[in-house]
Amino acid sequence: MAKGSQLAQLKTALSKAGVTGQPQQGKKRKRSGSVDKDKEKRTAKLEEIHKRLNPFDTKVTKLKHDVGGRKVKGVSGKPAQSKIDADIVKNTHFGGFDDDDKEEEDSEEPSRKKSKAEVMAEVIAKSKEHKLRRQLEREHEDNVRHELDQEFDALRALIYAPDPSTGNDSTLLGGSGVETTSQPAVLTLPAVPEDYDQHVRELAFDKRAKPKDRTKTEEELALEEKEALEKAERRRRKRMLGLQESDSEDEGRSRIKRKRGGDDLEDDFVDDDEWNGLGAGLSGTIDNEVEASGSEKEASDQDDDEEGEDEDADVDDSENEAEEGEHEDLVQAKKSPSQSSTKGKAKELPFTFPCPSSHEEFLSIVDDVDDDDVPTVLKRIRALYHTSLSPDNKFKLQILATILIDHILYITTPPEPRFSLVLLMLPHLEALTKAYPVQVAEHFVEKLSLMQKNLKHGLSRGALDPEAKTWPGLSELTLLRIIGATWSTSDLNHAVVSPTRVLLGAYLGLSRVRSLSDIASGLFLCTLFLQYEELSKRLVPEAVNFLTNTVLHLVPHHYKTVASLPGSFPSPDFRSDMCRPLTLNTKVQSNIIPQKANLSALLSGEPTEQAKADLLFLALSLLGRYADMYKSLEGFIELYDPILEILKHVDTASLAEALRTQLTSLSESLTRLLKFSRQAREPLRLQAHKPIPIPSYIPKFETTTSNYLRRQDPDHERNEASKLRNQYKQERKGAIRELRKDAKFLAGVEQQKQKEKDRAYHERMKRVFGSIEGERAEEKAMEREKAKAKRRAGRK
C-alpha cells in the first residue's frame, strides 16, 4: 500500500480495485454475470479495502495459557461492526406486543424495510398502550386500598376485643368509646365511621426503638463505679450533718439556708439582721465541713501509718531480742477490745474507704463492720483504687492482697475462729492473686518459711515434748487450705505449691503423735494432700503411713510390738505411753455414732470417745480414697497389702456398728483392688520378635557381567517386583524427558510469537510516524507557499 495520508491510501486502493476511475481503453469489458453479482464483487472489494485501512477494528484477546490445537471462541472479534437489530429492539424494549401473532402474515409477505414514519407510528402506538395498561393497574390498586380502609375499623375491633372469659367491660383500644359487654366480639362495622388519618397520627406517637449504648471498657466501668461510690458517700455525710441533699455538688454548695420567718417564731427567736456575732463563721464551717472531712481522714491515716511503723519497729526489735527456738506467730496484730462490743450495733456502712497500707489499718477500718459487710468493704476499696484510675493503685492493691492473707490468718486464730468470713474473703483474694501473682506468691512463700522455721524450733525442743509446737494450728491449716484453692496444685514445679508439699511431708514424717489434736491436725494434712494430688496422682508415702498409724493408735488390735506389724513402714509411736490413752474404749463403743469431724473443737477440746470415733471414721475413709487414687500404680500391691493385713486383725467385735460397717467395706474394697492389680501384673519376659539372622561375611562373586543375568533372581516375586521398579524408573525418566522437550518447544513458540508481535508493532509505528511526517511535510510546504503568496501580494 502506498504511503501517505489515509485519504491518499483510500484513493489508491479504490483505483487499483477498479471501483473508481475511467475504465481502461483498448480492452472490451466482459460481462460474466448479472448486475447483482457485480454489486456483490464490488461490496467484497470495499470490505477488503476497509479491513486493510482499519486494522484496529479486529480485537484479539490474549490467552493466559495457550494450548496448541485447541479452538476457543471469543478470541478475536469486531466490536465496531456489532449492530443492534431492529427485531431485538422490538422484543426487548417494548415487550414484543403482538409480533408473535403476526409471524405467519410476515412470513407470507416478502420482507420489506419499513420507513421511518411507519416505525415512529408503531413506537407511539405501543407506548400509549403500555401507558394505558399502567393506568388500569394503578386504578385497581386504589380500589383495593379503599376497600381495606373501609374494613379497617372492623379489623381493629376484632384484634383489640377483650377476652370474654375475664368479663371485662373495658372500651376497645382506639374505639368510639362505646362500652362493650362480656359477649364475644363480632366482626361488625361501626355505626359512625372513624377517620383513618387520625389513627395514622396516633401511631406516630408510639415509642420508637433507640440504639443501645456501646459496651463500656473496663477503665470506664471502674471510673463510673468510683464516681458513684464517692457521690453516695457525699450524700451520706450530708445526711449525717443534717444538710439538705441536692442532685449536684455545685448546686448543693450554692444553696443557702432558708431564712426564718414569722411561722418559725419561738421563745428564743431573734432576727438575723439584728445579730451578726457568729453567723458568717458558722455558715462557712458548715459548708466546708464535708470537704474538710476527707482531708482530715487522710491526715489521720498518715498519723496512723507513722504510729504503725513505730510499732512495727518495736516488734522487730523485740523479735531480734527473742531467744532462739521460740515459736513465732504468723500475724503480729492483736485483737482490739472494742471489736466484740460494737458487733451488735448496726451502723451505716460508708461508701468510701482508704486503701490500707498495713494490717493494723485494715483492722481499724473493719473494726465496727459486721462480718457479712466485710466483702462489701473490700469490693468498694477495689473499685475506688482500680488499677486503671491511677498508676499508684497497682502497688496499693498488691499490698491489699498481702493484707488479706494476714487478716485470714488473724481471724482463724483461736479461741474464736471465723471460718465463714474466710469464705467471704476468698473470692477477693483469688481475684487479686490472679492480677498480681508474683507479689502474692512471695508473701505466701514468706509465711511458709516462717512455718518451716517454727517446725525446726519445735523439733529442736524435742518431738515428744508436749509444749513443743510441731503440728500446725488452725491458722496454719487455713493457710495451707487457701494455697490449694488459689494455686494450681497439679504442676510439676510451682513457686508456692512445691514448697507447700515439702512442708506437708515434713509435718507428717517428722512430727510425733502425742495427743488426739495431733492426729486431727495430721488427718487434715492428709486431706490436703489428697486434694493437691487429685489430678497428678503423685505418690505421697507420708500420708498413707500416717493413716495406717492412726488406725493402729485408735482401734483395738492383737499386735503387741512393732516387729509383729506386717510391712516395713515406720511406726515410732506404736504402743507408746502417750498413744495408749488414744485407743477406743471397748466398753462404751456400742452407743457411739461417728459424725463429721469438727477441726476447731478437736484441736482445742479434750479427747473424748466421740472424737476418737470421728477421727477413726475419717482415717478409714481417707484410706479408701487413697486406694482409689493409687490403684493404677505398679507398687500398689506392696503398698496396700500390709494395710489389708492390719485391717483383718482389728478387733471388730468391740467397735460400733457404723465403724464396723466402714471397716468391712474398706477391707472388701482393698481385697478387690489387690486382686485386679495382681491379675494385671505379669512377670518380666524377653521381648517377642522374629529371630535376627546372623550376618554372613562371605564375599559375593559374580560369574558374569551381563546385566540381564545379574538381575535374574531365583525368587519369582522378588524378580517381578524388581522388573516393575526398573520399568517404572525408565518410564519416569522418559516422561520427564518428553515433558522437558514439550516445555522447550512451547517456550520457543511463545518466544517466536513475541518476536513477531514486536516486529509488527515496530513496523506499524514506522508507518504511523512516516505518515505523520509526510503530512507534516505537506503542511509545511503549503505554509511556505502561503507565505510566498503573501510576500508577492505585498510587493504588488
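Given the structure is predicted, the values throughout are model-derived calculations rather than measurements. FYI, the numbering just counts along the sequence from 1.
- Checking side-chain atoms of Arg380 against main-chain N and O of Pro350 turns up a donor-acceptor pair under 3.5 Å.
- Annotation: side chain of Leu554 is in contact with side chain of Ile519 (closest heavy-atom distance under 4.5 Å).
- Listed here is the closest heavy atom pair of Ala611 and Leu602: CB-CD2, 3.4 Å.
- For the pair His407/Leu421, a side-chain contact is recorded, criterion being any heavy-atom separation below 4.5 Å from C-beta on.
- No side-chain heavy atom of Leu349 sits less than 4.5 Å from a side-chain heavy atom of Asp370.
- Between Glu233 and Arg237, at least one side-chain nitrogen of the basic residue sits less than 4.0 Å from a carboxylate oxygen of the acidic one, meeting the salt-bridge criterion.
- With contacts defined as side-chain heavy-atom distances shorter than 4.5 Å, the pair Leu400/Arg382 qualifies.
- Under the 4.5 Å side-chain criterion, counting only non-hydrogen atoms from C-beta, Val544 is in contact with Ile643.
- With a 4.5 Å cut-off on side-chain heavy atoms, Thr478 and Phe419 count as touching.
- Heavy-atom contacts from other residues, nucleotides or ligands closer than 6.0 Å to CZ of Arg538 number more than 12.
- At most 12 non-hydrogen atoms from other residues, nucleotides or ligands lie less than 6.0 angstrom from NZ of Lys456.
- Between Trp487 and Pro437, the closest heavy-atom pair is CH2-O, 3.5 Å.
- Aromatic ring pairs are classed by plane angle as parallel below 30°, tilted from 30° to 60° and perpendicular above 60°; the pair Tyr630 and Tyr626 is tilted.
- At a cut-off of 3.5 Å, with distance as the only test, a side-chain donor of Glu533 or Ser536 sits close to an acceptor on the other residue.
- Evaluated for a side-chain contact (heavy atoms from CB on, under 4.5 Å) with Leu424, the options Leu378, Asp372, Val374 yield exactly one hit, Asp372.
- Put simply, CG on Leu525 and OH on Tyr507 are 8.0 Å apart, with the number rounded to the nearest 0.5 Å.
- The main-chain N or O of Gly484 is never found under 3.5 Å from a side-chain atom of Thr489 such that the two would form a donor-acceptor pair.
- Residues Tyr532 and Val540 form no side-chain contact, since every pair of their non-hydrogen atoms from C-beta on lies 4.5 Å or further apart.
- Pro594 and Ala658 make their closest contact through CD-CB, 3.5 Å (heavy atoms, listed as atom of the first residue, atom of the second, distance).
- Thr550 places a side-chain N or O within donor-acceptor distance of the main-chain N or O of Phe546, the cut-off being under 3.5 Å.
- A pairwise comparison of heavy atoms in Arg461 and Ala468 identifies CB-CB, 4.3 Å as the closest pair.
- Look at Lys447 and Asp406 and you find a salt bridge, because one of the NZ, NE, NH1 or NH2 atoms lies within 4.0 Å of a carboxylate O, short of that distance.
- Under 3.5 Å, the side chains of Asn549 and Ser571 contain a donor-acceptor pair of N or O atoms.
- Between His386 and Asn393, the closest heavy-atom pair is O-ND2, 2.7 Å.
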